[in-house]
Amino acid sequence: MRYKYKTKGTCSSQIEFDINGNVITNVTFTGGCNGNLQAVRSLVDGLTVEQIESKIQGIKCGMKGTSCPDQLAKAVREAYAQTHA
């Protein structure tokens, strides 16, 4: 299932990904720092929701209270909760 998440407090405005069970693939970001987000996409591809959360949840960008990776962790948890309600 393809999931879309509108980010809050980051340069990227949206994150999209596929979720199959608890496995995340095909992550794309709209906006943000292209090089860094290409790396994030590559590093999380095929990981579970729990693995993604443990690696990137809580990362902050500068003085912001969040970051694009942190928003991805929130997005995958939200998607998992909605698909397993």
Side-chain angles (χ1 to χ4, degrees):
M1 171 184 154
R2 191 78 177 156
Y3 192 82
K4 294 181 183 181
Y5 179 84
K6 179 146 177 59
T7 60
K8 299 159 192 74
T10 61
C11 297
S12 66
S13 59
Q14 182 171 285
I15 304 169
E16 294 184 46
F17 52 88
D18 294 325
I19 181 167
N20 184 8
N22 71 336
V23 177
I24 305 301
T25 57
N26 303 315
V27 176
T28 60
F29 290 84
T30 302
C33 303
N34 187 43
N36 290 336
L37 296 178
Q38 284 181 51
V40 171
R41 284 194 304 261
S42 179
L43 292 169
V44 302
D45 192 59
L47 297 182
T48 66
V49 170
E50 295 80 10
Q51 289 171 318
I52 291 170
E53 287 177 322
S54 73
K55 291 179 180 295
I56 63 176
Q57 187 173 33
I59 292 174
K60 295 180 181 169
C61 182
M63 299 302 290
K64 298 175 184 176
T66 190
S67 65
C68 293
D70 183 53
Q71 288 292 296
L72 176 59
K74 292 176 186 333
V76 299
R77 175 51 64 188
E78 180 179 290
Y80 182 79
Q82 287 187 11
T83 59
H84 291 83

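What's counted below: heavy atoms across the whole structure, side chains too, no hydrogens, waters or symmetry copies. This is a predicted model, so every value here is computed, not measured.
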Check your understanding: Is Tyr3 reachable from Val23 through a run of I, L, V, M, F, W or Y residues, each pair having side-chain heavy atoms under 4.5 Å apart?
Key -> no

Practice item. To the nearest 0.5 angstrom, please state how far the OG1 atom of Thr48 sits from the CD1 atom of Ile24. Key: 8.5 Å

Review point. Is there a side-chain contact (heavy atoms from CB on, under 4.5 Å) between Arg77 and Glu50 once you walk through the steps?
Key: CA-CA 8 Å; Arg77 175 51 64 188; Glu50 295 80 10; 3.9 Å; yes

Review point. Hey, mind stepping through Gln14 and Glu16 against side-chain hydrogen bond (donor to acceptor under 3.5 Å, both in side chains) and telling me if it holds?
Key: CA-CA 7 Å; Gln14 182 171 285; Glu16 294 184 46; 2.9 Å; yes

Point to revise | Check against side-chain contact (heavy atoms from CB on, under 4.5 Å), Leu72 and Val44 | key: CA-CA 10 Å; Leu72 176 59; Val44 302; 3.9 Å; yes

Review point. Is any side-chain heavy atom of Phe17 less than 4.5 Å from a side-chain heavy atom of Thr25?
Key: no

Exercise for review: Please report the closest heavy-atom contact between Gly58 and Asp70, naming both atoms and the distance.
Suggested key: N-OD1, 2.7 Å

Revision key, fill the gap. What one should report as the nearest heavy-atom pair of Gly21 and His84 is O-CE1, 3.1 Å

Exercise for review: State, without any angle test, whether Thr10 and Gln71 hold a side-chain donor-acceptor pair at a distance under 3.5 Å.
Suggested key: no

Exercise for review: May I ask you to decide if Tyr80's main-chain N or O and Thr83's side chain share a donor-acceptor pair within less than 3.5 Å?
Suggested key: yes

**Study point:** Closest non-hydrogen atom pair between Arg41 and Thr28, with its separation
**Key:** CD-CA, 3.8 Å

Revision key, fill the gap. Nearest heavy-atom contact between Asp18 and Arg2 is OD1-CD, 2.9 Å

Revision key, fill the gap. All heavy atoms of Ile15 vs all of Val27, minimum pair found to be CG2-CG1, 4.1 Å

Practice item. To the nearest 0.5 angstrom, please state how far the NZ atom of Lys55 sits from the CG atom of Leu47. Key: 6.5 Å

Practice item. Give, for atom CD of Gln51 and atom CD1 of Ile56, the distance between the pair rounded to the nearest 0.5 Å. Key: 11.5 Å

Review point. Which value, rounded to the nearest 0.5 Å, describes the distance between Gln57 atom CD and Lys74 atom NZ?
Key: 6.0 Å

Point to revise | From NZ (Lys64) to CD1 (Ile59), nearest 0.5 Å | key: 14.0 Å

Review point. Can you tell me how far CG of Leu37 sits from OG of Ser67, rounded to the nearest 0.5 angstrom?
Key: 9.5 Å

Point to revise | Minimal non-hydrogen separation, Phe29 against Ser12, with atom names | key: CD2-OG, 4.1 Å

